[in-house]
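Worksheet: the structure to be examined is printed underneath.
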Amino acid sequence: MKPASAARQPSPLPLRVLHGLVFGGFTAMCLAAGWPELEHLVRTQFQPFHPGPLPRPVLLLPMFAAVLGMAAVLVQHLRGRTVRLAWSLLILGALVLTLWGQREGLVAGRTADSANVKILEVARKLHEGNVNALRSQGAVSEDVGIWQSALEQVSLGEPSPVRTRSFEPLPFRIRKIESPEALPPDAPPGTLLLYVMPGGFAYALHPVGVSPTGEPWPLHAPDGAALVFHGAVNP
């Protein structure tokens, strides 16, 4: 590894092999850390919705830099020349940035199951609050705005764990339906489909999650039954 002015000088084969092994290992470490981020980025562009946070540039950029640097190193080695110092420093810098970017460990919440669990938790909390209202008041509100306000309270104002292709988070929202059997197919993930019986004496809450392929998916139990939160006044 010599300065740029000596880059055209011949380099002994053992030295080239040792240099290639060491910096190839550094590049492999950058690839191992950045590859899941690249996979996540590519996958999000081929499905309408996806769960989880954005890919981390602090791991993506060093991976590309290390690959570029290693390609230049290989070209110089094949030509039997000493590698320019700048390419070796690029790989070393990428490794340092990768190690720093990995300090928080793996990113959680990038699976459909994890997103659907969170959507279910929010729906359950909303359901529990309205069951208490049925018991104490004998009815629940038919006003969508009141339900939406209650939803924002139980979700702490946070969006759903599902995002669009442009990585915009989808909000939790209430959408009223005319019949508990007629579920709209275009409701995005994070939507809670609400049916309220006239008079507010009963209701049904259908949470919409996300499928493994990124499609809106009314949630179901493992046995195939729809996951619906029902509330009704006790006879």
Side-chain angles (χ1 to χ4, degrees), residues 1-118 158-170 188-189 210-215 217:
M1 186 171 66
K2 297 182 179 181
S5 60
R8 296 183 179 275
Q9 298 298 322
S11 177
L13 178 60
L15 183 59
R16 297 202 308 270
V17 171
L18 178 61
H19 183 274
L21 289 175
V22 172
F23 282 82
F26 293 162
T27 302
M29 294 173 65
C30 297
L31 274 170
W35 191 257
E37 306 300 314
L38 181 61
E39 281 188 322
H40 181 59
L41 175 62
V42 172
R43 183 172 60 251
T44 61
Q45 301 309 301
F46 286 92
Q47 47 190 58
F49 303 105
H50 66 273
L54 284 69
R56 292 179 287 181
V58 74
L59 293 179
L60 275 175
L61 296 180
M63 180 186 69
F64 294 135
V67 170
L68 175 63
M70 195 61 204
V73 167
L74 290 175
V75 169
Q76 292 300 310
H77 283 338
L78 290 174
R79 297 173 67 182
R81 294 177 177 176
T82 301
V83 176
R84 293 180 184 271
L85 179 61
W87 294 119
S88 299
L89 291 177
L90 178 63
I91 297 173
L92 284 174
L95 177 63
V96 171
L97 191 56
T98 294
L99 294 176
W100 181 79
Q102 283 187 306
R103 68 194 186 281
E104 297 179 358
L106 297 176
V107 177
R110 284 183 176 171
T111 65
D113 287 342
S114 63
N116 292 335
V117 166
K118 184 173 181 180
E158 295 181 356
S160 79
V162 183
R163 298 174 182 263
T164 65
R165 284 195 184 99
S166 59
F167 298 100
E168 180 182 359
L170 296 175
V210 61
S211 73
T213 56
E215 303 290 338
W217 193 36

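The shown structure was predicted, so the numbers you read here are calculated from the model rather than taken from an experiment.
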Please check this pair: side chain of Arg103 against backbone of Trp100, looking for a donor-acceptor N/O pair closer than 3.5 Å.
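Here the side-chain-to-backbone pair exists.
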
Looking only at non-hydrogen atoms, find the nearest pair between [X] and [Y] and report the distance.
X: Met29; Y: Leu99; value: CE-CD2, 4.2 Å
X: Leu59; Y: Ala33; value: CD1-O, 3.8 Å
X: Leu170; Y: Pro188; value: CD1-CB, 4.3 Å
X: Ser160; Y: Pro189; value: OG-O, 4.3 Å
X: Gly69; Y: Trp87; value: CA-CE3, 3.9 Å

Quick one, [X] and [Y] - any side-chain contact, counting heavy atoms below 4.5 Å?
X: Pro48; Y: Glu215; answer: yes
X: Cys30; Y: Leu95; answer: yes
X: Pro55; Y: Phe167; answer: yes
X: Arg163; Y: Thr44; answer: no
X: Val73; Y: Arg84; answer: no
X: Thr98; Y: Met63; answer: no
X: Val210; Y: Trp217; answer: no

Please round to the nearest 0.5 Å and tell me the distance separating atom CG of Asp113 and atom NZ of Lys118.
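Answer rounded to 0.5 Å: 15.5 Å.
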
Can you tell me which residue pairs pass the side-chain hydrogen bond (donor to acceptor under 3.5 Å, both in side chains) test with a partner in residues 23-37, sequence neighbours excluded?
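Qualifying pairs: Trp35-Glu39, Glu37-Arg56, Glu37-Arg110.
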
Which is it for Leu54 and His40 under the side-chain contact (heavy atoms from CB on, under 4.5 Å) test, yes or no, and what are the steps along the way?
CA-CA 8 Å; Leu54 284 69; His40 181 59; over 6 Å; no

Side chains of Thr164 and His50, donor plus acceptor under 3.5 Å
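The criterion, which ignores hydrogens and geometry beyond distance, is not satisfied for His50 and Thr164.
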
Which word best sums up how the rings of His19 and Phe23 line up, parallel for under 30°, tilted for 30 to 60°, or perpendicular for over 60°?
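Geometry flag for Phe23 against His19: parallel rings.
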
